[in-house]
Amino acid sequence: MKKQLIIMDFTGVYNYEPFIRNQNCIWLDCCHLYGTECYCDEEGAASLKRLIADYPAEGIHFIDSGNYHYLTKFWTDKLNYPFSLLVFDHHPDMQPPLFEDMISCGSWVKDMLDTNPYLQKVVVAGASEALIRAVPDIYRDRVRFYGEKALKQEETWKRFASEHVNEPVYISIDKDVLNPESAVTNWDQGSLSLQELEQLLAVVFRHEKIAGIDICGECSATLDLFEEKREAAINGRANQELLELISAEFNLQMQQNSD
């Protein structure tokens, strides 16, 4: 059985990305929801949890722009067994929240570490070294960091390739980990190429059992129609390549498990 492909549409951006055409997917319309952008309030969180209640975390989820990256927490809250989290992101997303009663796109990894009893370990790959240094020391025994510059070095690459966990891994990708030639996002971006990200993903699929995966990093709408189409074309190509790779790897894992 194929992993479910779920599109969570907050901004309408996926209407301009042809990668989704002819795909057998579940389309969740989130455009009408309030209290969800960047910071998610109690009402917004309740609405989103109701929206995804009937769908498993063990799937492929496209979750729009990085403003909604906190959805990774909502998806992984549905896992009822020990797992590890692998995050490809230019930002560690471990900032203390400005509002204690809200989860945000910049605090959700910290929130998961604080609240999820099944989360065993977090690996953050591709983050800015400066932002990594700002992560509170209290979390460093449960988080392994591979900075964007360090990943360019052979020694760090080999260390990442030898990283291994005993439990299933949930993967979360923010395309702001990529350089501007590979993706266009509404946040400052890293320096990985799409090919380098795909090589890292292939290593993970080769060694780990993957529970589920989500992808964000779409670019918010602008008033420049030409620029919107250019950005959608770049992101659509990146999403197409990532979806093809992930689907093929998932199918291979399921085939191996059935043999």
Side-chain angles (χ1 to χ4, degrees), residues 3-34 36-40 44 48 51-52 55 59-72 74-75 87-91 93 104-106 108 126 148 171-201 212-250:
K3 296 283 187 180
Q4 282 188 333
L5 172 60
I6 296 176
I7 308 297
M8 300 192 71
D9 177 28
F10 289 85
T11 65
V13 68
Y14 292 118
N15 293 314
Y16 301 97
E17 295 187 15
F19 84 97
I20 208 62
R21 293 174 192 161
N22 302 318
Q23 293 286 345
N24 183 17
C25 66
I26 296 166
W27 190 283
L28 301 181
D29 181 9
C30 307
C31 297
H32 61 288
L33 300 179
Y34 294 97
T36 61
E37 187 173 4
C38 290
Y39 282 87
C40 186
L48 286 168
L51 198 63
I52 68 174
Y55 306 107
I60 305 168
H61 317 105
F62 282 85
I63 57 177
D64 214 298
S65 88
N67 293 355
Y68 308 98
H69 203 171
Y70 60 80
L71 277 161
T72 303
F74 295 170
W75 282 112
V87 186
F88 291 97
D89 200 321
H90 186 57
H91 311 86
D93 290 348
S104 81
C105 59
W108 64 272
E148 63 172 327
I171 301 174
S172 185
I173 301 169
D174 189 332
K175 291 198 297 294
D176 71 14
V177 77
L178 298 171
N179 59 39
E181 291 74 36
S182 300
V184 182
T185 76
N186 59 337
W187 293 88
D188 59 301
Q189 292 184 225
S191 59
L192 286 182
S193 68
L194 182 58
Q195 182 181 16
E196 288 171 326
L197 174 59
E198 290 174 339
Q199 289 172 339
L200 292 166
L201 285 169
I213 190 163
D214 60 50
I215 300 170
C216 68
E218 306 314 313
C219 197
S220 300
T222 69
L223 296 177
D224 188 331
L225 183 59
F226 177 81
E227 191 65 13
E228 277 188 29
K229 289 183 177 180
R230 183 190 72 86
E231 293 165 352
I234 294 172
N235 286 337
R237 283 195 296 271
N239 285 336
Q240 179 70 48
E241 284 197 35
L242 289 171
L243 180 58
E244 289 176 356
L245 170 68
I246 292 164
S247 298
E249 294 287 359
F250 264 137

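Every heavy atom of this structure was used, including side-chain atoms; hydrogens, water molecules and symmetry mates were not.
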Just do the side-chain contact (heavy atoms from CB on, under 4.5 Å) check on Ser65 and Val13 with the steps written out, would you? CA-CA 9 Å; Ser65 88; Val13 68; over 6 Å; no
Tell me, with the steps shown, if Tyr55 and Gln4 meet side-chain contact (heavy atoms from CB on, under 4.5 Å). CA-CA 8 Å; Tyr55 306 107; Gln4 282 188 333; 3.9 Å; yes
Begin with the C-alpha distance, continue with both residues' side-chain angles, and end with the deciding distance and a verdict on side-chain contact (heavy atoms from CB on, under 4.5 Å) for Asp93 and Tyr70. CA-CA 9 Å; Asp93 290 348; Tyr70 60 80; over 6 Å; no
Run the numbers on Cys30 and Thr36 for side-chain contact (heavy atoms from CB on, under 4.5 Å), then give the verdict. CA-CA 9 Å; Cys30 307; Thr36 61; over 6 Å; no
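Counting only residues at least two apart or on different chains, no salt bridge (charged side-chain N to carboxylate O under 4.0 Å, His left out) pair has a member in residues 6-21.
Side-chain contact between Leu192 and Leu200 is present, with heavy atoms from C-beta onward closer than 4.5 Å. Counting heavy atoms from C-beta on, the side chains of Phe62 and Leu243 come closer than 4.5 Å. The side-chain heavy atoms of Ile213 and Phe250, taken from C-beta on, include a pair separated by under 4.5 Å. Between Lys175 and Glu218, the closest side-chain pair of non-hydrogen atoms falls below 4.5 Å. Annotation: side chain of Leu178 is not in contact with side chain of Phe88 (no heavy-atom distance under 4.5 Å). Between Cys25 and Ile20 the shortest side-chain heavy-atom distance falls below 4.5 Å. The shortest distance between side-chain heavy atoms of Tyr68 and Asp214 does not fall below 4.5 Å. Contact annotation: the side chain of Thr72 never approaches that of Val87 to less than 4.5 Å [non-hydrogen atoms, C-beta and beyond].
Judged purely by atom type and a 3.5 angstrom limit, Tyr14 uses its side chain to pair as donor or acceptor with the backbone of Asp64. With hydrogens and angles ignored, the 3.5 Å screen pairs no side-chain donor or acceptor of Asp176 with any backbone N or O of Gly217.
By the side-chain hydrogen bond (donor to acceptor under 3.5 Å, both in side chains) test, Glu148 is found to be paired with Ser191, residues two or more places apart in sequence or in another chain being considered. Looking at residues two or more places apart in sequence or on another chain, you find no side-chain hydrogen bond (donor to acceptor under 3.5 Å, both in side chains) involving Gln23. Considering only residues two or more places apart in sequence or on other chains, Glu244 meets the side-chain hydrogen bond (donor to acceptor under 3.5 Å, both in side chains) condition with Gln240. Looking at residues two or more places apart in sequence or on another chain, you find a side-chain contact (heavy atoms from CB on, under 4.5 Å) between Glu241 and Leu194, Glu198. By the side-chain hydrogen bond (donor to acceptor under 3.5 Å, both in side chains) test, Asn179 is found to be paired with Ser182, residues two or more places apart in sequence or in another chain being considered.
Interatomic distance, CD1 of Ile215 versus CD1 of Ile173, reported as 4.5 Å (0.5 Å rounding). Remark: Gln199 CD to Ser193 OG distance equals 7.0 Å, nearest 0.5 Å. Residue Asp29 holds its CG atom at 10.0 Å from CZ of Phe10, rounded to the nearest 0.5 Å. Taking CD1 from Ile234 and NZ from Lys229, the interatomic distance works out to 15.0 Å, rounded to the nearest 0.5 Å. In this structure, the separation between CG on Asp89 and SG on Cys216 is 6.5 Å, given to the nearest 0.5 Å. Distance check, rounded to the nearest 0.5 Å: CD1 of Ile6 to CD1 of Ile63 gives 11.5 Å.
The side chain to side chain contact (heavy atoms under 4.5 Å, CB included) test with Leu28 singles out one residue from Ile7, Ile52, Leu48, and that residue is Ile52.
Shown here for Gly66 and Trp187, the closest heavy-atom pair between the two residues is C-NE1, 4.0 Å. Tyr16 approaches Ala232 most closely through the heavy-atom pair O-CB, 3.7 Å.
Trp108 and His69 have tilted rings, their planes meeting at an angle from 30° to 60° on a 0 to 90° scale. Aromatic ring pairs are classed by plane angle as parallel below 30°, tilted from 30° to 60° and perpendicular above 60°; the pair Trp75 and His61 is parallel.
Atom CG of Asp188 sits in a crowded spot, with more than 12 heavy atoms from other residues, nucleotides or ligands closer than 6.0 Å.
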